[in-house]
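Source: prediction; values computed, not measured.
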Amino acid sequence: MKKLIVFVCLFFSFNSWSQNLCRTHILEQDELIQKNELQKYSKYDFSNLWIQTDNNLVYGIIGENYERILIKFTSVKRSKNNTNEYLVTGKSMVKSNICDFSGKITVVKIQELKKLRFGVDDEYKNAGIKKQGLLTAVYEFFEDKNQKGSGRFSGNLESIWYLDKNDLIQYNNIEIDSDKYFNNAFVGTWKSNISGKEKICNWADYRVPNVNCDFDKGAGELSVSEKYQKNGWWVKPKQNWWK
């Protein structure tokens, strides 16, 4: 009986915690075919997905206080030795501190959407879209150890894509006008090279994934609540800060 009570308490505790997080997944699993089609899609190059969005629309947080972090990929190239690996270089910025980083994205799962989506008023119905789906990957990026405040990013990535009429993988922004839309969700941690301390660190296109629901009060676009504004969100980043 005591074990049952403990289990029930843990169950409701976990669920109340998970309900406090918003935008935990780009697509729900019941919208996807469960089969992993990684081998089927190994011939396609997905690198285009992660360099499409204007950097002003890529939003990220680091630490429990949701301090703003900016992430910019300067290069994403498919590995010649492993078709599911993508070699990445980029820069990060917290406050005025900028670090160079390099690493890789490794695709571990490709799932197709059960039913194709064509946007508002079926705008893309006649565009010749063959498939749509979700890419799941793991990532690890290492900041330059010789630079101040450097560390390592690691975690999981979700991206939505579609296969066009020319048999090319494209960034899926078909439902960009939806309030629920976001893409390229990087969810994980940053670990300091000096102290070894880990912090949560999440970023994505258009919204911040896996954060408390009181963080973003915006309907059609990101609008950081006053509670978090002081943590770097009221400062407008310098144009092309990574150059």
Side-chain angles (χ1 to χ4, degrees), residues 23-55 57-60 71-80 82-90 103-141 153 155-188 202-210 222:
R23 297 182 175 86
T24 53
H25 295 287
I26 294 176
L27 293 172
E28 297 301 327
Q29 284 299 312
D30 60 5
E31 301 176 84
L32 297 159
I33 298 172
Q34 292 305 301
K35 184 179 180 182
N36 185 355
E37 297 284 12
L38 187 63
Q39 186 173 356
K40 175 181 175 180
Y41 282 89
S42 62
K43 64 180 179 180
Y44 295 103
D45 189 343
F46 287 87
S47 59
N48 178 53
L49 300 184
W50 304 301
I51 55 173
Q52 287 297 306
T53 305
D54 187 320
N55 193 248
L57 298 171
V58 178
Y59 302 108
I71 300 288
K72 171 66 178 180
F73 292 160
T74 54
S75 173
V76 180
K77 295 181 179 179
R78 194 182 195 191
S79 171
K80 294 179 180 179
N82 184 343
T83 57
N84 295 318
E85 258 185 21
Y86 294 82
L87 307 179
V88 178
T89 60
K104 64 184 179 180
I105 294 170
T106 305
V107 182
V108 295
K109 184 186 290 186
I110 299 288
Q111 292 171 274
E112 295 176 344
L113 206 60
K114 291 178 180 178
K115 184 178 180 181
L116 296 182
R117 297 176 175 181
F118 299 112
V120 178
D121 298 326
D122 285 341
E123 180 182 357
Y124 289 83
K125 190 171 184 178
N126 298 315
I129 294 172
K130 297 179 179 180
K131 294 288 183 181
Q132 294 174 337
L134 177 73
L135 172 150
T136 303
V138 294
Y139 64 89
E140 194 169 34
F141 307 139
F153 300 98
N156 300 313
L157 163 65
E158 288 187 347
S159 300
I160 51 175
W161 52 269
Y162 68 83
L163 187 64
D164 70 11
K165 62 183 179 182
N166 297 314
D167 217 31
L168 296 174
I169 295 293
Q170 300 293 350
Y171 180 92
N172 189 342
N173 61 357
I174 290 173
E175 295 186 302
I176 195 170
D177 293 326
S178 167
D179 292 347
K180 295 181 180 180
Y181 179 84
F182 66 108
N183 203 351
N184 292 340
F186 290 80
V187 175
N202 307 334
W203 71 90
D205 300 351
Y206 302 100
R207 301 281 187 169
V208 182
N210 231 55
L222 177 80

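Closest of all the heavy-atom pairs between I110 and N36 is N-OD1, 3.1 Å. Closest non-hydrogen pair, E85 versus T106, comes out as CG-OG1, 3.6 Å. The heavy-atom pair separating R207 from D179 by the smallest distance is NH2-O, 3.5 Å. Considering every non-hydrogen atom in both V187 and P209, the closest pair reads CG2-CG, 3.9 Å.
Without hydrogens or angle criteria, N202 side chain to G188 main chain gives a donor-acceptor distance under 3.5 Å. In this structure, D45 contributes its side chain and S47 its backbone to a donor-acceptor pair below 3.5 Å. In terms of modelled atom types and a separation under 3.5 Å, the side chain of Q34 and the main chain of L32 share a donor-acceptor contact. Between the side chain of T74 and the main chain of T89, a donor-acceptor pair closer than 3.5 Å is present.
Using modelled atom types, one finds a donor on one side chain and an acceptor on the other under 3.5 Å when comparing Q111 with Q29.
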Could you go through the side chain to side chain contact (heavy atoms under 4.5 Å, CB included) check for Q170 and N48 one step at a time?
CA-CA 7 Å; Q170 300 293 350; N48 178 53; 3.5 Å; yes
Begin with the C-alpha distance, continue with both residues' side-chain angles, and end with the deciding distance and a verdict on side chain to side chain contact (heavy atoms under 4.5 Å, CB included) for F141 and F73.
CA-CA 11 Å; F141 307 139; F73 292 160; 3.9 Å; yes
Yes or no on side chain to side chain contact (heavy atoms under 4.5 Å, CB included) for L113 and I33, after CA distance, side-chain angles and deciding distance?
CA-CA 6 Å; L113 206 60; I33 298 172; over 6 Å; no
Evaluate the criterion side chain to side chain contact (heavy atoms under 4.5 Å, CB included) for residue pair Y162 and L116; output intermediate values, then yes/no.
CA-CA 9 Å; Y162 68 83; L116 296 182; over 6 Å; no
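For the atom pair L135 CG and Y44 OH, the distance stands at 14.0 Å (nearest 0.5 Å). Distance NZ/K72 to CH2/W203: 14.0 Å, rounded to 0.5 Å. For the atom pair NZ (K130) and NZ (K165), the distance works out to 11.0 Å, reported to the nearest 0.5 Å. Between the CZ atom of F118 and the CD1 atom of I174 there is a distance of 8.0 Å, given to the nearest 0.5 Å. Atom-to-atom distance recorded for Q52:CD and L57:CG is 13.0 Å, nearest 0.5 angstrom. Between atom OG of residue S42 and atom CG of residue N82 there is a gap of 10.0 Å, rounded to the nearest 0.5 Å.
By the neighbour-count criterion of 12 heavy atoms within 6.0 Å, atom NZ of K35 is sparsely surrounded, having that number or fewer from other residues, nucleotides or ligands. Enclosure of atom CG in D122 by more than 12 non-hydrogen atoms of other residues, nucleotides or ligands within 6.0 angstrom is indicated. Other residues, nucleotides and ligands contribute at most 12 non-hydrogen atoms within 6.0 Å of the CG atom of D121. For NZ of K40, the number of neighbouring non-hydrogen atoms (other residues, nucleotides, ligands) closer than 6.0 Å is greater than 12. Within 6.0 Å of the NZ atom in K104, the count of heavy atoms belonging to other residues, nucleotides or ligands does not exceed 12.
A heavy-atom distance below 4.5 Å is not found between the side chains of T83 and K43. Taking the side chain as every heavy atom from C-beta outward, L157 and T136 never approach each other to under 4.5 Å.
Using cut-offs of 30° and 60° on the angle between ring planes, the pair Y41 and F46 is tilted. The aromatic rings of Y181 and Y171 sit perpendicular to each other, their planes meeting at more than 60°, with 30° as the lower class boundary. Relative ring orientation between Y139 and F186 is described as perpendicular, the plane-to-plane angle rising above 60° on a 0-90° scale split at 30° and 60°. Ring pair Y86/W50 is perpendicular by interplanar angle, where above 60° counts as perpendicular and below 30° as parallel.
A side-chain hydrogen bond (donor to acceptor under 3.5 Å, both in side chains) with D205 is found for one member of N184, N55, N183 and no other, namely N184.
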